[in-house]
Amino acid sequence: MEKYNPEELELKWQKIWEEKKLFEAKYEQEKKKFYILEMFPYTSAQIHMGHVRNYTIGDVVARYKAMNGYNILHPIGYDAFGLPAENAAIKQNIHPKEWTYKNIETIRRQLKRLGISYCWEREVITCDPEYYKWNQYFFLQFFKKGLVYKKQAPANWCPSCQTVLANEQVIDGKCWRCGEIVETKNLEQWFIKITEYAERLLDFSGIKNWPERVIIMQKNWIGKSEGCEIDFYIPQIGENLKVFTTRADTLFGVTYLVISPYHPFVGKIKEVSPVKNEIEKFIKKTTRTSLTVKDFLRVEKEGINTGIFAIHPITQEKIYVWIGNYVLMEYGTGAIMAVPAHDQRDFEFAQKYNLPVKIVIKNPEWKEIPEKLESAYEDKGIMINSGIFDGLDSEKGKEEIRKYLEKIGKGKKAVYYRLKDWCISRQRYWGTPIPIIYCKKCGIVPENEENLPVKLPDEVKITGKGESPLKYSEKFIKCKCPSCGNEAERETDTMDTFVDSSWYFLRYASKDLENKPFDKEEVNYWMPVDQYIGGIEHAILHLLYSRFFVKVLKDMGFVDFEEPFENLLCQGMVIKDGAKMSKSKGNVVDPEDMIRKYGADTLRLFILFAAPPEVDLEWSEKGIEGCWRFLNRIWRLHNEIKNYSEISDENNEKLKIMINKTIKGVTEDIEKEFQFNTAIAKMMEFINFLSKEINEKKVSKDILIDSWKKFIKILSPFTPHICEEMWNDFEKEKFLFRENWPSYEEIETFEEKINIGVQINGKIKGNIDIPANYDVEKIYNLLINNEKFKKFIINKKIVKKIYIPKKLINIVIED
RNA sequence: GCGAGGGUGGCGGAAUGGAAGACGCGCUGGACUUAGGAUCCAGUGGGGAAACCCGUGAGGGUUCAAAUCCCUCCCCUCGCACCA
């Protein structure tokens with residue numbers, strides 16, 4: 001018998017699969033399709049265990065679905081633009097392109113070595129002009145539709161990466177990539193109007209099965225809030241100050257107004273204010289740009305009374321306008337009505353500056369109205385001190401006050417979102433150039449579609465400091481205006497790499513077209529993605545942008561579907577010693593080392609077996625050895641089976657029951673939320689059972705081989721190489737990938753004897769073998785004649801007999 | 001603070017109202033062996049000589065039966081957090 005040599009047989013089958021193009025996806029309209037997609041890797045130096053886990057899970061699904069008769073699309077590509085390539089350029093003095101393509105080669109080799117069933121013919125590399133050309137094309141389509149615009153905006157600036165970050169890339173006031181504290185800086189930048197799609201992005205009805213938390217995160221991110229805009233007239237400047245509130249019911253409790261230091265009224269109010277100098281000082285202090293985002297959040301609430309008043313729209317009272325650092329210009333109208341009695345932030349501010357607190361909502365638990373509040377009462381209640389609205393329930397009051405304001409022309413219903421427009425400008429080299437031209441005569445002019453792609457120049461100096469390296473490339477900047485033909489200059493900003501990943505799954509779905517981003521018919525066949533798998537870290541950004549992109553493309557007639565990803569699985573991290581694997585912690589386990597030692601099948605098996613897909617997986621050297629032993633055991637059994645000869649056939653039924661049970665269990669575990677760990681456990685049980693049977697030789701050879709072939713099939717999505725090798729000993733016609741998943745018979749049809757638990761008053765006392773077709777009374781008769789159990793029952797009053805079929809019997813007695 | 005998920009042997013984890021701890025790791029004993037870190041067999045939640053008793057973060061409840069359902073509380077992880 002030959003020793004199990006994974007390296008030899010894995011490389012052999014990988015070569016054969018590739019030569020036969022076994023995994024090449026073919027557009028065949030009449031076949032039912034399954035699009036299985038894993039988030040493509042960023043092209044850093046090599047893959048890590050997280051990738052192995054992601055791609056192995058995907059591969060099991062792909063192979064399982066293929067064996068169930070689906071036409072499979074299982075593509076792979078590379079997220080190849082981005083900052084690290086430039087960092088490498090600075091550090092290692094290597095061109096970003098060279099660095100990226102070198103890494104791609106390594107990653108491709110590593111993925112192939114894992115034996116993942118990818119359709120290599122549809123590879124996408126986002127830094128390839130043939131790909132990013134279509135980023136530019138879509139940008140122009142968005143531009144035509146008015147979904148793209150340029151504006152000066154305070155941007156998040158990472159002093160370490162020397163670049164602008166999108167809001168979403170700022171986590172807790174820090175740069176998402178390097179962790180440096182982010183500052184603000186004003187820059188002219190390009191935005192995409194994702195806010196126009198806020199409402200549609202909140203609609204998840206087109207999604208079948210996503211983790212609930214991902215949907216919640218997206219909803220929070222979009223942050224819809226419904227309320228009311230209310231006008232407060234300021235006589236001294238002759239204009240209405242518009243505030244936004246979700247609590248119109250507290251309108252009678254307003255004791256002051258607060259505007260943001262960035263509010264456009266600040267200047268006008270300052271001019272007429274008696275405390276002009278103090279305002280100036282305050283504004284200077286609160287709008288310092290050097291203040292980091294994080295500091296801004298931590299800063300204590302501060303404000304200044306402008307001495308200017310506004311008129312309450314209903315009571316006509318005079319209400320002073322304050323400027324406060326806790327009011328954000330980026331949200332709502334940049335001005336609020338302060339109701340200290342019913343809003344904790346306003347309450348704190350009012351305490352600090354000794355402002356009046358007026359209770360207008362009565363807590364139903366109060367016996368009487370308190371003189372003083374300890375904190376704001378923010379819940380519902382009954383309206384008081386509110387004129388004609390007194391006595392109304394506050395929820396009802398919201399509506400009534402809004403209607404009243406609408407009637408007198410002082411307010412209207414309003415909806416605001418936290419979601420902001422998507423800033424796609426990056427002051428970097430290694431990204432898609434934004435196809436815009438600045439002409440002295442014509443202004444901002446989009447590049448002609450025929451001139452795409454606007455290619456990145458190869459010769460640039462990358463210093464990592466200051467502005468985009470493209471600013472210094474004359475060859476790149478100089479161009480002709482598409483409109484008037486005069487000398488003009490190109491935009492030097494490049495696109496956020498999230499643009500690249502917002503539609504790559506569409507490019508996969510129709511291969512290598514030169515004249516179109518993708519073929520509509522073929523994309524409509526494959527899409528939406530039936531199962532998407534990736535890390536939770538993309539819960540908001542990538543997934544939201546992709547949903548947005550697809551909705552826009554649908555509106556423009558490019559595609560016929562609304563949602564890109566119907567089902568989503570977020571796999572857990574691979575951790576070691578309780579922490580995420582990282583160089584700094586020195587706890588990294590290199591997948592290639594593991595493959596060298598045990599082979600790809602063992603690595604795959606371990607990573608699938610050690611934990612369910614969605615939870616974190618603790619790496620264990622001992623654990624992978626266990627999987628190595630399991631495959632060796634299978635290898636030995638296979639060789640024994642080939643040379644097997646039986647003594648008798650008395651255990652044939654037992655084996656049939658066991659293999660059917662195993663197929664059923666494995667099938668259900670895969671179907672039910674991808675419980676690969678328990679599926680593997682069931683196959684291990686089968687192997688434990690089969691080893692004994694083979695030793696005893698009491699099953700006939702044909703039944704044994706039949707069961708073994710079925711077993712090889714169900715194991716094959718997990719460890720495809722060893723299975724293919726064993727399969728080849730029996731069947732040379734078809735690859736396992738093209739075989740059918742075995743069906744199973746319900747074991748009830750041939751199981752005659754079963755073992756059930758015996759309980760007395762719900763406490764387990766032992767177990768008993770019974771014929772499968774027995775009912776309660778028959779089992780009870782067995783019990784009263786059984787040495788072990790009769791003592792519990794005889795001479796007792798039997799209250800109840802409960803039989804749970806094939807599980808247990810519970811005899812309830814009176815003591 | 002709000003929202004979500006979780007707490008089960010020495011460890012990773014099974015069991016979503018029906019025999020708690022499947023499966024794997026580790027450990028103990030044995031077989032084979034010059035040897036074994038290979039392989040095979042047996043055992044392995046705790047207490048007890050045993051009959052039995054106890055046991056799923058803590059406490060209470062529903063039920064013939066609770067890790068699972070309900071109530072109160074504790075702890076851990078993740079996400080959000082001046083969003084008016």
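Order of the sequence lines fixes the chain letters, A, B, ..., with proteins taken first and strands second; residue numbering starts at 1 for each chain.
When the side-chain nitrogen and oxygen atoms of A:N632 are compared with OP1 and OP2 of B:U39, none of them lie within a distance under 4.0 Å. Side-chain nitrogen and oxygen atoms of A:R636 include none within less than 4.0 Å of the OP1 or OP2 phosphate oxygen of B:A38. A:R629 has a side-chain polar atom (N or O) that falls below the 4.0 Å cut-off from OP1 or OP2 of B:G26. Side-chain N/O atoms of A:R418 include one lying less than 4.0 angstrom from OP1 or OP2 on B:A81. Taking side-chain N and O atoms only, A:S620 has no distance below 4.0 Å to OP1 or OP2 of B:G24.
Backbone-only engagement by A:T246 is indicated by non-hydrogen atom pairs under 4.0 Å involving sugar-phosphate atoms exclusively. At the heavy-atom level, A:E618 lies nowhere under 4.0 Å from the strands shown. At a threshold of 4.0 angstrom between heavy atoms, the contacts of A:N688 are confined to the sugar-phosphate backbone, with no base atom among them. Within the nucleic acid shown, A:N810 comes within 4.0 Å of at least one base atom, counting heavy atoms only. Residue contacts shown for A:D616 are limited to sugar-phosphate atoms, with no base heavy atom under 4.0 Å away. Nucleic acid contact class of A:N220 (heavy atoms, under 4.0 Å, all strands): none. Using a 4.0 Å heavy-atom criterion, one finds that A:P211 contacts no nucleic acid atom at all. Residue A:K763 is classed as a sugar-phosphate contact, given heavy-atom separations below 4.0 Å to backbone atoms only. At the heavy-atom level, A:G223 lies nowhere under 4.0 Å from the strands shown. Here A:E625 lies out of heavy-atom contact (under 4.0 Å) with every strand. Using a 4.0 Å heavy-atom criterion, one finds that A:I536 contacts no nucleic acid atom at all.
When the P atom is used for both B:G43 and B:G79, the distance is 46 Å, rounded to whole Å. The P atoms of B:C69 and B:C25 are separated by 32 Å, rounded to the nearest whole Å. Between B:U39 and B:C76, the distance separating the two C1' atoms is 42 Å to the nearest Å.
For B:A19, the base has a donor-acceptor partner in the side chain of A:N755 [N/O atoms by modelled type, under 3.5 angstrom]. No donor-acceptor contact under 3.5 Å links the side chain of A:K682 to the base of B:C23.
The aromatic ring centroids of A:F349 and A:Y256 lie less than 6.0 Å from each other.
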